[in-house]
Amino acid sequence: TQMSVVIIGGNECMERQYKDLCEEYSCRAKVFTKMSGGLRNKIGSPDLLVLFTSTMSHKMLHCALSETRGGNTVIARSHSSSMAALKNILETHTV
């Protein structure tokens, strides 16, 4: 089955690339580069939550963490929001 990945933060202009890279690892990705009013209910309970901490507000971080608390979501934090950073995370967490 496809793993679901939610990426929070990162560069807006790279949203498409993030999604494409996730697809290469047969993951279904949702990318939220900025805080939108509905973030709270859109995250759901993904298999993997990627937090690009350098490009997100504390509010976003808090919101994302409280959304997934209590589930089986694996949380990966990365200070860098580069493709290489995402690739490393996917290498580590996908089979």
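Start at 1 with the first residue, then count along the sequence.
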TODO: Would you please test Arg77 and Leu61 for side-chain contact (heavy atoms from CB on, under 4.5 Å) and show each step?
DONE: CA-CA 10 Å; Arg77 294 166 188 248; Leu61 180 66; 4.2 Å; yes
- [ ] Please list, chain by chain and in numerical order, all residues satisfying side chain to side chain donor-acceptor pair (under 3.5 Å) with Asp20, sequence neighbours excluded.
- [x] Arg16
Task: side-chain contact (heavy atoms from CB on, under 4.5 Å) partner of Leu49, chosen from Val5, Ile8, Ile7 - done: Ile8
Open item on the list: Test of understanding: with side-chain contact (heavy atoms from CB on, under 4.5 Å), list the residues that count as partners of Thr94, not counting sequence neighbours.
Closed with: Met3, Tyr25, Cys27, Leu90
Task: Ser66 (side chain) donor-acceptor with Cys63 (main chain) under 3.5 angstrom - done: yes
- [ ] Give every residue pair that meets the salt bridge (charged side-chain N to carboxylate O under 4.0 Å, His left out) criterion with at least one member in residues 81-95, sequence neighbours excluded.
- [x] Lys87-Glu91
Task: Side-chain touch Ser78/Ile89, heavy atoms, less than 4.5 angstrom - done: yes
Open item on the list: Ser82: which residues meet the side chain to side chain donor-acceptor pair (under 3.5 Å) condition with it, sequence neighbours left out?
Closed with: Ser80
Open item on the list: Is there a path of hydrophobic side-chain contacts, each under 4.5 Å between heavy atoms, that joins Leu51 and Phe32?
Closed with: yes
Open item on the list: The criterion is side-chain contact (heavy atoms from CB on, under 4.5 Å); which residues satisfy it with Gln17, sequence neighbours excluded?
Closed with: Met14, Met83
Open item on the list: Keeping Thr73 on the side-chain end and Pro46 on the backbone end, is there a donor-acceptor pair under 3.5 Å?
Closed with: yes
- [ ] Give a yes or no on whether Tyr18 and Met56 share a hydrophobic cluster (residues Ile, Leu, Val, Met, Phe, Trp, Tyr; joining criterion: side-chain heavy atoms under 4.5 Å apart).
- [x] no
TODO: Output every pair passing ring-ring contact (aromatic ring centres under 6.0 Å, His included) with a member in residues 66-95, not counting sequence neighbours, ordered by first then second residue.
DONE: none
TODO: Provide the full list of salt bridge (charged side-chain N to carboxylate O under 4.0 Å, His left out) pairs with a residue in residues 46-61, sequence neighbours left out, each pair given once.
DONE: none
- [ ] Determine the minimum heavy-atom distance between Ser4 and Ser45, stating which atoms define it.
- [x] OG-O, 4.4 Å
Open item on the list: Lys34: which residues meet the side chain to side chain donor-acceptor pair (under 3.5 Å) condition with it, sequence neighbours left out?
Closed with: Glu12
TODO: Would you mind reporting whether Ile75 and Leu65 have side-chain heavy atoms less than 4.5 Å apart?
DONE: yes
TODO: Could you list the residues that satisfy salt bridge (Lys or Arg N to Asp or Glu O under 4.0 Å) with Lys19, not counting sequence neighbours?
DONE: none
Open item on the list: Under the rule for side chain to side chain donor-acceptor pair (under 3.5 Å), what residues qualify as partners of Arg69, not counting sequence neighbours?
Closed with: none
TODO: State which residues pass side-chain contact (heavy atoms from CB on, under 4.5 Å) with Thr55; sequence neighbours excluded, sorted by chain then number.
DONE: Asn11, Phe52, Ser81
TODO: Determine, using the 4.5 Å side-chain heavy-atom cutoff (strictly less than), whether Val6 and Val74 are members of one ILVMFWY cluster.
DONE: no
